[in-house]
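Since this is a predicted model, take the numbers as computed values, not measurements. Quick note: numbers below take in every heavy atom, side chains included, and nothing from hydrogens, waters or symmetry partners. The first residue of the sequence shown is numbered 1, and numbering continues consecutively from there.
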Amino acid sequence: KATRMTPSGGHPHRTPLRRAAGPVLALLLTASLAGCKTWHVETMPPTRLIEEQQPPVVRVDRASDTSQVILHAPSIVGDSLRGLPTELAIRAVMVPLADISRIATRKFSLTKTVLVSLAVGGGVALYQLIQSLNQTSF
């Protein structure tokens with residue numbers, strides 16, 4: 001069965017928005033699976049947090065100089081929080097527990113994920129629409 005094509009080479013029953021639906025859905029699915037994460041300030045003490053939740057990464061706010069330190073693979077060693085400054089680091093960083101004013105962990109953010117998915121999907125749909133308008137014949 002032969003399919004009739006339009007002068008622009010597209011399928012006669014597919015509008016620009018329907019042609020964009022496949023790529024948009026693929027991008028939305030990818031964005032939602034990846035998800036967006038945000039820092040969540042914890043209320044429990046650092047020692048309890050590390051022992052109970054064993055987070056892969058934490059952000060520590062230091063009381064002494066108000067700086068922030070990100071530690072990968074954190075653990076409690078004596079009276080300090082020990083961790084790596086990057087995932088590939090070899091030398092660990094130690095932060096005294098008494099110097100920690102706040103500690104935060106990375107959590108999934110549904111709101112950020114939805115907003116990013118909508119922005120990416122809307123951008124792709126708008127691009128497809130503009131491209132289809134540029135291909136009109138006179």
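Note that CD1 of Ile70 is 7.5 Å distant from CZ of Arg106, once rounded to the nearest 0.5 Å. Rounding to the nearest 0.5 Å gives a distance of 12.0 Å between CZ of Arg91 and CG of Leu84. To the nearest 0.5 Å, atom CD of residue Gln68 and atom CZ of residue Arg59 are 4.5 Å apart. Within the model, atoms CE of Met44 and OG1 of Thr105 stand 9.0 Å from one another, a figure rounded to the nearest 0.5 Å.
The shortest distance between side-chain heavy atoms of Val77 and Ser75 falls below 4.5 Å. Counting heavy atoms from C-beta on, the side chains of Pro45 and Glu51 never come closer than 4.5 Å. Taking 4.5 Å as the limit, every side-chain heavy atom of Arg82 sits out of range of all side-chain heavy atoms of Ile76. Side-chain contact between Leu81 and Val93 is absent, with no heavy-atom pair separated by less than 4.5 Å.
The two residues Pro56 and Pro74 make their nearest non-hydrogen contact at O-CD, 3.6 Å.
Screening Ile103, Thr47, Val60 for a side chain to side chain contact (heavy atoms under 4.5 Å, CB included) with Leu97, the sole residue that qualifies is Thr47. Of the candidates Ile50, Thr86, Val95, Leu71 forms a side chain to side chain contact (heavy atoms under 4.5 Å, CB included) with just one, namely Val95.
Ionic pairing of Arg48 and Glu42 is not present here: no N-O contact between side-chain nitrogen and carboxylate oxygen is shorter than 4.0 angstrom.
Side-chain polar atoms of Ser101 and Asp61 form no donor-acceptor pair below 3.5 angstrom.
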